[in-house]
Visitor: 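This structure is in structure tokens; I'll ask about it shortly.
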Amino acid sequence: MSTSSGVPESWISSFCALLGHEYFAEVSEEFIEDDFNLTGLQTQVAMYKEALEMILDVEPEDDDEEEEEEEDDDDNESGLGEGQERMGGRSGERRHHSRMASDLSVIESSAEMLYGLIHQRFICSRAGIQQMSEKYELGHFGCCPRTNCEQARTLPVGLSDIPGEDTVKLFCPSCLDVYVPPNSRFQTVDGAFFGRTFGSLFLLTFPDYDLTKRGADVLSHSSSRVPDDEPIVNGIFAKNIAPGLGKPRIYEPRIYGFRVSERARSGPRMQWLRDRPADITELDEARLYALQAGDSEDEDDAMNGRAAAVRRRPPGPSRRRRQQRNNETAAAPGNNGSPMALSANGGAESEL
């Protein structure tokens, strides 16, 4: 493939331009050429070396072709007939081309698998997550299908980091739920190519995105950042904590204007998943802990003082305690004032 300028298009650009690969970011060749970023992938991908050469557009070595040429030269020197040479040459070429075609299909599938696993690591790096943020701002990942989220922008995530287990899903930071992509062309993309880390890491890296903005409002070049004067709860802007949840954003089924009872067989189910406190500051765990710790400081100091007082009491010598215990036992009623004698095995024997 080549571009309009005549420069051949790279394998990475052509792969990301395929139908259904709109979620992918273009991994830089510098990231792929760093062996540290590819640690552990050799055992997960078949024909790893050939797949890596295909991704980087490196021409494979011609060792096999040189060996075949040497074999042909040896056959010619052995004095074979022209007809046999032609027959053998044609059959050898057919076998060579068929083998190359089968190997090429395997290498292509291995290259796609290898690029997907590299992509999972790249989008968690500084350059990769920045590239995904640009795609997020442009709405390349679509919006949430839930009505009460008001077209909040979603993020592609995977439910597993192991290839072949599940397809890519869309995570909505407004309702904190995961959805299947609406277009069927995305349902063939492996979810492991995005992984379980990217969605949460993206929200922690860019906490100033206004998640309450509609996708259409963002595309109309309006500001998508949260103002600095907004209150912060646990390091996150309060308005970004599940803005699509809460009492006014939960669908309540009604019949002739009357709400359906929760105890009814067909009543609402699992509404607590959509619940959200009316006062979002109730989730400020750091502030609540500071208040509770401030009230209990005096109690902790008093307990520490009593513990210190107990520790200051030095224990008596073991011999003195043992002698005092023997005296108390000898003076106990029923012993007639007779002392107890210790046996050789450590037991006590009464004197007769």
Visitor: If only atom types and distance count, is the side chain of Asn240 paired as donor or acceptor with the main-chain N or O of Leu211 below 3.5 Å?
Guide: yes
Visitor: Taking side-chain contact (heavy atoms from CB on, under 4.5 Å) as the test, write out the residues that go with Thr197, two or more places apart.
Guide: Cys124, Leu201
Visitor: Nearest heavy-atom pair of Gln187 and Pro181: which atoms, and what distance?
Guide: NE2-O, 3.5 Å
Visitor: Tell me whether Leu245 shares a hydrophobic cluster with Ile241, the cluster being built from Ile, Leu, Val, Met, Phe, Trp, Tyr side chains joined at under 4.5 Å.
Guide: no
Visitor: To the nearest 0.5 Å, what is the distance between CE on Met132 and CD on Gln130?
Guide: 12.0 Å
Visitor: For the residue pair Ala25 and Ile123, what are the closest heavy atoms and their distance?
Guide: CB-CG2, 4.5 Å
Visitor: Give, for atom CZ of Arg153 and atom CG of Leu170, the distance between the pair rounded to the nearest 0.5 Å.
Guide: 14.0 Å
Visitor: With a 3.5 Å cut-off and no angle check, do the side chains of Lys169 and Thr167 form a donor-acceptor pair?
Guide: yes
Visitor: Between the main-chain N or O of Pro243 and the side-chain N or O of Arg249, is there a donor-acceptor pair closer than 3.5 Å?
Guide: yes
Visitor: Taking the side chain as everything from C-beta on, heavy atoms only, tell me whether Phe171 gets closer than 4.5 Å to Ser200.
Guide: no
Visitor: Between Pro163 and Met113, what is the shortest heavy-atom contact and its length?
Guide: CB-SD, 3.7 Å
Visitor: Can you tell me how far apart CG (Leu203) and CG (Leu176) are? Round to the nearest 0.5 Å.
Guide: 9.0 Å
Visitor: Do Arg146 side-chain atoms and Cys172 backbone N/O form a donor-acceptor pair below 3.5 Å?
Guide: no
Visitor: Membership question, hydrophobic clusters at under 4.5 Å side-chain separation (ILVMFWY): are Ile162 and Val189 in the same one?
Guide: no
Visitor: Looking at Leu52, Leu56, Leu38, which one forms a side-chain contact (heavy atoms from CB on, under 4.5 Å) with Glu33?
Guide: Leu56
Visitor: Would you please name every residue forming a ring pair (Phe, Tyr, Trp, His ring centres under 6.0 Å) with Tyr115, sequence neighbours left out?
Guide: Trp11, Phe15
Visitor: Using the rule that two of Ile, Leu, Val, Met, Phe, Trp, Tyr join whenever any of their side-chain heavy atoms come within less than 4.5 Å, decide whether Leu18 and Leu117 are in one cluster.
Guide: yes
Visitor: As an exercise, state the distance from CD of Gln131 to NZ of Lys135, rounded to the nearest 0.5 Å.
Guide: 7.0 Å
Visitor: Within the side chain of Asp208, is there an N or O that forms a donor-acceptor pair under 3.5 Å with the backbone of Val226?
Guide: no
Visitor: Please check if the distance between the ring centroids of Tyr136 and Phe206 is under 6.0 Å.
Guide: no
Visitor: Can you tell me if Glu26 uses its side chain to pair, donor with acceptor, with the backbone of Ser13 under 3.5 Å?
Guide: no
Visitor: Do Leu41 and Phe36 land in one hydrophobic cluster if side-chain heavy atoms of ILVMFWY residues count as linked below 4.5 Å?
Guide: no
Visitor: Can you name the nearest heavy-atom pair linking Gln120 to Asp161, along with the distance?
Guide: NE2-O, 3.8 Å
Visitor: So which heavy atom on Ile232 is nearest to which on Asp284, and how close?
Guide: O-OD2, 4.5 Å
Visitor: Under a 4.5 Å side-chain heavy-atom rule over Ile, Leu, Val, Met, Phe, Trp and Tyr, are Tyr48 and Val106 clustered together?
Guide: yes
Visitor: Is it the case that atom CZ in Arg126 sees more than 12 heavy atoms from other parts of the structure closer than 6.0 Å?
Guide: no
Visitor: Report yes or no: does Glu22 contribute a side-chain atom to a donor-acceptor pair with the main-chain N or O of Gly20 at less than 3.5 Å?
Guide: yes
Visitor: Starting from the C-alpha separation in whole Å, work towards a yes-or-no answer on side-chain contact (heavy atoms from CB on, under 4.5 Å) for Glu134 and Leu138.
Guide: CA-CA 6 Å; Glu134 296 175 0; Leu138 297 175; 5.6 Å; no
Visitor: Counting distance only, does the side-chain N/O of Thr154 pair as donor-acceptor with the main-chain N or O of Phe141 below 3.5 Å?
Guide: yes
Visitor: Got a sec, which pairs hit ring-ring contact (aromatic ring centres under 6.0 Å, His included) with one end in residues 175-197, sequence neighbours left out?
Guide: Tyr23-Phe186, Phe24-Phe194, His119-Phe194
Visitor: Report, as yes or no, whether the 6.0 Å neighbourhood of atom CZ on Arg259 holds more than 12 heavy atoms from other residues, nucleotides or ligands.
Guide: no
Visitor: Give, for atom OG of Ser174 and atom CG of Asn148, the distance between the pair rounded to the nearest 0.5 Å.
Guide: 9.0 Å
Visitor: So Phe202 and Tyr209, side-chain contact (heavy atoms from CB on, under 4.5 Å) or not? Walk me through it.
Guide: CA-CA 10 Å; Phe202 182 89; Tyr209 273 125; 3.8 Å; yes
Visitor: How close do Pro207 and Phe237 get, counting heavy atoms only, and between which atoms?
Guide: O-CD1, 3.3 Å
Visitor: Can you measure from CD (Glu9) to SG (Cys16) and round to the nearest 0.5 angstrom?
Guide: 9.5 Å
Visitor: Check whether any side-chain N or O of Arg121 sits under 3.5 Å from a backbone N or O of Asn37 as a donor-acceptor pair, and report yes or no.
Guide: yes
